[in-house]
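Working notes for the structure below.
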There are 2 protein chains.
Amino acid sequence: MTTESPRLRADARRNVEGIRAAALDVFRTQGLNCPLDEVARAAGVSKGTIYHRFGGRQGLIDAVVEDLVAERIRGIIAAATEVPDPVERFETYLRQIWLLQYDEPAANDVLLRALPGSAPVAALCEHASTMAAGFLAEAQAAGGIREDLTPDDVYLLIWERGIIARACDQQPREGYRRRLEFTLRGLRTTT
Amino acid sequence: MTTESPRLRADARRNVEGIRAAALDVFRTQGLNCPLDEVARAAGVSKGTIYHRFGGRQGLIDAVVEDLVAERIRGIIAAATEVPDPVERFETYLRQIWLLQYDEPAANDVLLRALPGSAPVAALCEHASTMAAGFLAEAQAAGGIREDLTPDDVYLLIWERGIIARACDQQPREGYRRRLEFTLRGLRTTT
DNA sequence: ACGGTTCTTGACCATGACGTCAAGTAACGC
DNA sequence: GCGTTACTTGACGTCATGGTCAAGAACCGT
């Protein structure tokens, strides 16, 4: 996937890389819905080139999503898996995902499933959802999380946070973080 | 305020009323940020007339906000005040406000303070915030709500719900309602 | 019924985004 | 070098919104 087509003229190859790099940069800070002109300008090419090379926003996202956010999300899943206590594991997962949504608008866009037609993105979400469902089940089995919480609820909790994080522009991170704990508290069976 | 200027030509008066009525209708279902052309079309006048008569969106909102949402919000405050138990009172208030945000996009826009320059709107918010702070203090005094919850937190909880309600288009009301209880649960001291 | 005044209209400008394509430019093979 | 082909450009068309204003329409007093 990284080694595009077999033969690509030198300047084209250069541009593809430049665009990818620029997209990583711009998407990272502005989210996946930023104007493509921004990316083009950052890459020092014209908008047309992006359309020509990647076929539009969708294609460009597919080309960078792995480097852009997959690592982060997988990292969070892995880190959570390490936590021995099931309840703490579930909560750690949620907390980290929620913070990621605040910190990285691009990851947030992915988790919000705002990119309907993208295979890699869909796969990533699928994986995250599956793991989340597992963490939830284990935490519930351990008795620490309300029994009536469903995997769908967990997805919606993440979706809701994402919507909020998107609008959070001004809100300081600390306040956001603090309110996460209120929400978590509402999912527990114990005090 | 309702009886505009002393002398207004008959057609103008008719139009003002028509526009107000149309605005109530359109704002109610689409929120306060809908294109003004919509309102104009619904009123059977041209966009220019709205600008001429009301000076723009802001003025139009000021002219209808009272009939549009003030009543609802004040009603919720009044209903909550009736509840004898302080904790239940606080929770009733939040629940009702949250549901209002789901049911009426216009009210939501008001509560989100998305209309910076409008005096009536600001006054309404101010009143709601003050009452909310009171309910909170009483609920805390009764020992049913976390001590570390501040009036600011309450405002933000409402703000967050508003952002969510706005994006909720599809989400069924029942699910929204159900998740409110999770959030409320997170604010309590008791189980 | 007519003139003067008030009102309304809808075409117009501006913005900011997406997406396209003919024409110009640059690399590559020979 | 030089022609051929691949590649890039940026102006252009489009859409959706906000907002303005000269010119025409409607009203009202006399």
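Because only heavy atoms are used, hydrogens play no part in the values below, and waters and symmetry mates are left out as well, while side chains stay in. Reminder, nothing fancy here: chain letters follow the sequence lines and each chain counts from 1.
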Sequence neighbours excluded, the answer for salt bridge (Lys or Arg N to Asp or Glu O under 4.0 Å) partners of B/Asp169 is none
Please, which pairs that meet ring pair (Phe, Tyr, Trp, His ring centres under 6.0 Å) have at least one residue in residues 94-118 of chain B, sequence neighbours excluded? B/Tyr102-B/Tyr176
Would you kindly compare A/Arg57 and B/Gly44 by the position of their nearest DNA chain C nucleotide and give the one closer to the 5′ end? B/Gly44
Under the ring pair (Phe, Tyr, Trp, His ring centres under 6.0 Å) definition, can you give me all pairs with a residue in residues 133-174 of chain A, not counting sequence neighbours? A/Tyr93-A/Phe135
Please list, one pair per line, the donor and acceptor atoms closer than 3.5 Å that link side chains of residues 125-133 of chain A to other protein atoms, with sequence neighbours excluded.
from	atom 1	to	atom 2	distance (Å)
A/Ser129	OG	A/Arg113	NH2	3.1
A/Ser129	OG	A/Cys125	O	3.3
A/Thr130	OG1	A/Glu126	O	2.8

Atom CZ of B/Arg14 to atom P of D/dA26: distance rounded to whole Å? 11 Å
Result of checking B/Leu180, B/Asn108, B/Leu112 against B/Arg161 for side-chain contact (heavy atoms from CB on, under 4.5 Å): B/Leu180
Do A/Val83 and A/Val87 sit in one hydrophobic cluster, given that two such residues count as connected whenever their side-chain heavy atoms are within less than 4.5 Å of each other, even indirectly? no
Inter-residue atom distance B/Ile164.CD1 - A/Ile164.CD1, 0.5 Å rounding: 4.0 Å
Computed from five pairs at either end and rounded to 10 degrees, the angle between the axes of the helix from C/dA1-D/dT30 to C/dC30-D/dG1 is 10°
Please produce a list of atom pairs where a protein N or O lies less than 3.5 Å from an N or O of nucleotides 1-7 of chain D.
from	atom 1	to	atom 2	distance (Å)
D/dA6	N3	A/Arg9	NH1	2.6
D/dC7	OP1	A/Arg9	N	3.2
D/dC7	O5'	A/Arg53	NH2	3.1

For B/Tyr51, the ring-ring contact (aromatic ring centres under 6.0 Å, His included) test, sequence neighbours excluded, returns none
Residue whose nearest DNA chain D nucleotide is more 5′ - B/Gly48 or A/Gly48: A/Gly48
Going 5' to 3' along DNA chain C, which nucleotides are the first and last within contact of chain A (any atom under 4.0 Å from a heavy atom)? C/dA17 to C/dC28
Would you say the side-chain atoms of B/Arg179 pair up with the backbone N or O of A/Asp153, donor to acceptor, closer than 3.5 Å? no
Expressed in angstrom and rounded to an integer, what is the separation of A/Tyr51 atom OH from D/dA11 atom P? 17 Å
Atom-to-atom span, CD1 of A/Ile50 to P of D/dT8 - whole angstrom: 11 Å
Roughly, in whole Å, what's the span from NZ in A/Lys47 to P in D/dT14? 15 Å
Mind jotting down which residue pairs meet the ring pair (Phe, Tyr, Trp, His ring centres under 6.0 Å) criterion with at least one end in residues 8-49 of chain B? Sequence neighbours excluded, please. none
Considering residues at least two apart in sequence or located in another chain, which fulfil the salt bridge (Lys or Arg N to Asp or Glu O under 4.0 Å) criterion with A/Arg74? A/Glu66
Listed partners of A/Arg95 passing salt bridge (Lys or Arg N to Asp or Glu O under 4.0 Å), at least two apart: A/Glu91, A/Glu181
Using heavy atoms and a sub-4.0 Å distance, could you list which residues of residues 27-37 of chain A are near DNA chain D? By number, please. none
Under the criterion side chain to side chain contact (heavy atoms under 4.5 Å, CB included), I'd like the reasoning laid out for B/Val45 against B/Arg53: C-alpha separation, chi angles, the key distance, then a yes or no. CA-CA 11 Å; B/Val45 301; B/Arg53 284 287 151 237; over 6 Å; no
